[in-house]
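Within every chain, numbering begins at 1; the chains are lettered A, B, ... in the order of the sequence lines, protein sequences first and strands thereafter. In what follows, every heavy atom counts, from backbone to side chain, and hydrogens, waters and symmetry copies are set aside. All values reported here derive from a predicted model rather than from experimental measurement.
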Amino acid sequence: MNIYFSPKQPYSLSSVIRSHGWIQLLPFENLDDHQAFAYTLQMNDGKVLRFEVHEEDDKISVTVPDELSDLELRELRQTISWMLALDVDLSDFYKVAMEEPRLQKAIRKSAGRILRASSLFEDVLKTILTTNTLWAATISMNRRLVEHFGTPLAEAPEIHAFPTASTLVNVSEDELKEKVRVGYRAPFIHDLALRTSEGSLDLEAYRNSTLTTAELKKELLGLKGIGPYAAAHLLMLIGRYDFIPIDSWALKMVSLEWHNGDPVKPKDVENAFERWGQFKGLAYWMWDWTNMP
DNA sequence: GGTAGACCTGGACGC
DNA sequence: GCGTCCAGGTCTACC
């Protein structure tokens with residue numbers, strides 16, 4: 001059966017899917033060349049299901065299995081709404097960004113909402129897999145993690161959900177190194193799974209936290225394997241845009257754009273977008289670096 | 001607070 | 001096929 005969502009306009013599913021590389025990481029599956037996607041989810045009751053998300057005019061259509069209970073259906077609606085950033089309202093940013101030529105292309109595409117995983121546990125773990133490595137290696141590590149430790153879909157055992165914290169807490173660091181090839185990240189992942197499964201860390205509470213963004217950043221920096229780049233990236237996913245996820249690419253782009261290709265430091269990247277205040281990260285994220293507004 | 005070096009994997013490259 | 005080099009953030013020790 002299909003369930004429907006009516007996102008606040010302007011909204012573009014394709015722009016959400018293209019917002020960053022998450023669509024390339026299992027259990028996401030890219031469909032119709034970034035026009036739709038599928039995702040395999042393990043629900044709170046342990047059930048694993050695969051759903052497909054499409055855009056139909058101004059509505060989002062999600063194909064789900066028929067036999068869901070009301071409770072499961074409610075959980076699924078909440079999860080999909082979160083993943084598609086349907087709760088995010090960018091109208092205040094759009095108002096000021098309209099005046100900036102380098103942001104107009106993104107605004108025309110209704111960009112700015114960022115694709116999220118079904119849980120912040122998954123987002124944090126995937127973010128750790130993006131650090132200090134090439135993107136191709138991130139894809140490989142994530143694929144091995146899902147295939148080795150994710151619960152399979154009953155009707156298609158080759159498809160897996162993302163592994164839960166309670167599963168990963170029983171995977172040793174050596175096993176993570178050998179089977180997933182995560183290297184020095186193994187203790188970071190194990191610690192994240194342990195703290196999440198025992199309840200001392202409630203990542204999902206960050207979604208509606210009353211903490212300031214700076215306080216939230218401090219909390220994220222307290223997680224092993226999460227440094228300034230990863231913390232800023234996660235804040236963007238949560239919907240806090242006060243910080244820029246500064247990686248080597250950001251340094252390169254700012255260097256070329258404003259410093260004649262000379263080496264720049266993270267502070268220079270911050271300074272370049274300082275005028276955007278609480279939307280600094282979003283302005284950076286949506287910036288058109290191609291010189292073609 | 002800032003800096004240097006170690007941490008790992010995997011791809012590119014030269015032989 | 002093998003060895004070497006390099007890219008990519010974070011952590012820790014040190015100043």
Report all side-chain donor-acceptor pairs from residues 91-98 of chain A shorter than 3.5 Å, counting only partners two or more places apart or in another chain.
unit_1: A:Ser91; atom_1: OG; unit_2: A:Asp89; atom_2: OD1; d: 2.8
unit_1: A:Ser91; atom_1: OG; unit_2: A:Asp89; atom_2: OD2; d: 3.4
unit_1: A:Tyr94; atom_1: OH; unit_2: A:Ala111; atom_2: N; d: 3.3
unit_1: A:Tyr94; atom_1: OH; unit_2: A:Ala111; atom_2: O; d: 2.4

Sugar-phosphate only, base, or nothing, as touched by A:Ser248 at under 4.0 Å among non-hydrogen atoms: sugar-phosphate
B:dG11 phosphate, OP1 or OP2, under 4.0 Å from A:Arg181 side-chain N/O: no
Sugar-phosphate only, base, or nothing, as touched by A:Ala136 at under 4.0 Å among non-hydrogen atoms: nothing
Plane angle bin for A:Trp289 and A:Trp249 - parallel if under 30°, tilted between 30 and 60°, otherwise perpendicular: perpendicular
Results of side chain to side chain contact (heavy atoms under 4.5 Å, CB included) for A:Asn170 - residues two or more places apart only: none
Leading and trailing nucleotides of DNA chain C with any atom under 4.0 Å from heavy atoms of chain A: C:dG8 to C:dC11
Nearest-0.5 Å distance that lies between atom OG1 in A:Thr213 and atom CG in A:Asp242: 3.5 Å
Neighbours of DNA chain C within residues 119-132 of chain A, by heavy-atom distance under 4.0 Å: A:Thr131, A:Asn132
Sugar-phosphate, base or nothing in reach of A:Lys267, heavy atoms under 4.0 Å: nothing
Cation over ring face, A:Arg116 and A:Trp22, 6.0 Å, 45°: no
Pair A:Ser14-A:Arg18, side-chain donor/acceptor within less than 3.5 Å: yes
Sugar-phosphate only, base, or nothing, as touched by A:Leu223 at under 4.0 Å among non-hydrogen atoms: sugar-phosphate
Counterpart residues, side chain to side chain contact (heavy atoms under 4.5 Å, CB included), relative to A:Pro187 (two or more places apart): A:Glu173
Contact list for DNA chain C against residues 183-191 of chain A - heavy-atom distance below 4.0 Å: A:Tyr184, A:Phe188
